[in-house]
Protein chains: 2
Amino acid sequence: MDRRPTIYDVAQAAGVAASTVSRAFARPGRVKAETARRIFEAAEALGYRTTALPGLVSRRTRTLALVVTDITNPFYGDIIRGAHEAAHELGYTLLLSHTQEDAQLERDWTERELTAVEGVLLTSSRMSDSAIRMMAKQKPVVVLNRRLPEVPSILVDNARGIRRAVEHLTELGHDAVTYVAGPESSWTDGARWLALREAAHELDIRVRRIGPCNNPTVHAGFGRAREVVTTSSTAVIAYNDAVAIGVVKGLTRLGVPVPEAVSVVGFDNTLLSEIIEPELTTVAAPLQAMGATAVKNLVAMIGGAVPSREPIIMPVRLVVRRSTGQRSRNRVSPALGTRNVSSSASAAARSTESGSR
Amino acid sequence: MDRRPTIYDVAQAAGVAASTVSRAFARPGRVKAETARRIFEAAEALGYRTTALPGLVSRRTRTLALVVTDITNPFYGDIIRGAHEAAHELGYTLLLSHTQEDAQLERDWTERELTAVEGVLLTSSRMSDSAIRMMAKQKPVVVLNRRLPEVPSILVDNARGIRRAVEHLTELGHDAVTYVAGPESSWTDGARWLALREAAHELDIRVRRIGPCNNPTVHAGFGRAREVVTTSSTAVIAYNDAVAIGVVKGLTRLGVPVPEAVSVVGFDNTLLSEIIEPELTTVAAPLQAMGATAVKNLVAMIGGAVPSREPIIMPVRLVVRRSTGQRSRNRVSPALGTRNVSSSASAAARSTESGSR
DNA sequence: CTGAAAGCGCTAACAG
DNA sequence: CTGTTAGCGCTTTCAG
């Protein structure tokens, strides 16, 4: 026999009915131990493996869709990994989609694949609320980094993260911070900016906002550096690490020393943040755990669990590294860097001493 | 009607038989244009969409498995993206698996999912040759970054990349280079080391090899820096950018200036390489194109095409940045950095002037 | 070119 | 606990 063995083959070999074989594999316990043993033995001998394909009858594809906006963004690496591992443990497989920060592509793909999956994980979705809600009516959906009523969501504690960052900055003497925004369609971006305004109000500092960076990359951040200088803020908080790093590089290029003239804080604590010089102060979230939590909740929903109406908020912590420092006496003058050789020399000397953690 | 419409619904609405609807969707041309139009209209009206689920009969799942060793590695980001986009264009979906550099996990996962996909893309697989070959007998398989007879493969031109790097280094006066190795089970690692030995022989320089870094990350490279110093080579070529960056950071930490005392070359030109200071000289490969090419070939094979027996070799180019420089008169003395304040000051001053590209 | 009918591999009633 | 039977939605002979 050259085709893959089916339950019928196994049934025949084990001397039982096909449905019994089906039960033996699909719902352990509904078959006498002894019979089950015979079945498994026969299956083993024939090399039978339960098909991952959905029996048309049961819609159990054991597959989840994971939609990310940009695979290339290291931020998603850990989320995907966490999701993947959790899925694997729960016996699920991940269908991957990256949508290039494009809501239309996201809709299309999702619609096309929706039938094939048991649940959907939307990460930083750029789709409209209503589109997501519509989808959530058809299938279990969990959204990451986005809050919308009626759909279970998992968020990082943006408010606290921003708050910590601002406190850190004020402790260093800063009283004006510029926010370098991310994509306009990003819920997270809105949440961070809002949190920053609130924190600024409470702590009595001034804030400005520049951007958006619709593609929140190093490159985009780099291009915003000049604007940062013109705001004459002594501190910046960026939408994410990539943008923050771009800003650091841009400022450096303009001769504005970080952190001597301007302090920079990122968000996400991706591996990038330890590579840049000076290493980036950033808000860390448990990315891998987020991915895993999302999958676990999704699978629970598939299993019939009723998700909590309240979003799950993941804790954050501020990782202080060397891109933030005491506010210097004089602000950088607008549109003009003030860096000179002596300041860069001291920075370099410091860099040799402290090194990376 | 609340369930998804089926071909039967469409058939009824269009006044034809279900089989005709099936044909209209599955094999264009086998149905009279006029009839097809009626069918599509009815389908449209009912909101019928051809199911992504495999009809039991046709094994056409329109799904491909993409297996990577570590999603977190930015190297894969572009490959995945290229693969994803090509797949999307060809109407395929990607099932993702990351195997944590673990051959066993890779085998398990693959076996479990094999039935559900029409083809498999193995990226930098850690599985044994025989395991891969066995799989290739059951399904179309394309391997990336690995060469083995009988299985179509897509490789980067490691030999040329290494050769270029070595030439670059010799032009700068270096006559001894240390290779910081990657994972032992990596075919690519072997290929690069071999290429290095050959190039070294032809160009008459000395080579050493340290490692392996089974998890080829920044961290691993960092840990190898001290060993690099003890080899007293003035140049190092690392398995990949991450390791190279780790080496740079480690050397810097040890007070060994890059590139003044030691030049460092990476491989892959990932986005990391532009973040590190000094920016990394590295061998670039068209990652996204690789992913796309792999998928296109895989789909062609699924369609019955006979793959070429010869591997497809993707071109490389050396991206010269600032981590490589003229060999200094004096080598670093073994186990002891020689960096002093003046050298770091000059390095820093330089960094302000040139900035990133 | 199109209809009728027979399954693909598996699960889910429903009886025993 | 297990066998029988009837499909899931679609494709594919096989006849018209």
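Per chain, numbering begins at 1; letters A, B, ... match sequence-line order.
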Going by modelled atom types, is there a donor-acceptor pair between the base of D/dT4 and the side chain of A/S19 at under 3.5 Å? yes
Separation of [N] [atom2] from [X] [atom1] (nearest whole Å):
X	N	atom1	atom2	answer
A/R62	C/dC10	CZ	P	15 Å
B/R37	C/dC1	CZ	P	16 Å
B/I39	C/dG3	CD1	P	8 Å
A/F25	D/dT2	CZ	C1'	16 Å
B/R30	D/dT12	CZ	P	10 Å
B/R38	C/dT2	CZ	C1'	11 Å

Show the distances under 3.5 angstrom between N or O atoms of the protein and N or O atoms of nucleotides 14-16 of chain C.
none

Among the candidates [options], find the nucleotide nearest to the side-chain atoms of [X].
X	options	answer
B/Y48	D/dC10, C/dG3, D/dG3	D/dC10
A/I7	C/dC10, D/dT2, C/dG3	C/dC10
B/T35	D/dT11, C/dT2, C/dC10	C/dT2
B/K32	C/dG3, C/dT11, C/dC1	C/dC1

Using only atom types and a distance under 3.5 Å, with no angle test, would you say the side chain of A/N214 pairs donor to acceptor with the backbone of A/E184? yes
Does D/dG9 have OP1 or OP2 under 4.0 Å away from a side-chain N or O of B/T6? no
Quick check on D/dT2: is either OP1 or OP2 less than 4.0 Å from any side-chain nitrogen or oxygen of A/T20? no
When all nucleic acid strands are considered with a 4.0 Å heavy-atom cut-off, which category describes A/V21: base, sugar-phosphate, or nothing? nothing
Taking any heavy-atom pair under 4.0 Å as a contact, classify A/Y8: base, sugar-phosphate, or nothing. base
Ignoring hydrogens, what is the shortest heavy-atom contact between A/I132 and A/S125? Give both atom names and the distance. CD1-OG, 3.8 Å
Which atom names give the shortest non-hydrogen contact between A/V156 and A/I313, and what distance separates them? C-CG2, 4.2 Å
I need the A/I79 CD1 to A/T293 OG1 distance, nearest 0.5 Å. 10.5 Å
Between B/R38 and B/E41 (salt bridge meaning N to carboxylate O under 4.0 Å), is one present in this structure? no
Hey, is B/R147 close enough to B/E310 for a salt bridge, meaning N to O under 4.0 Å? yes
A/I71 vs A/Y76 side-chain heavy atoms within contact, under 4.5 Å: no
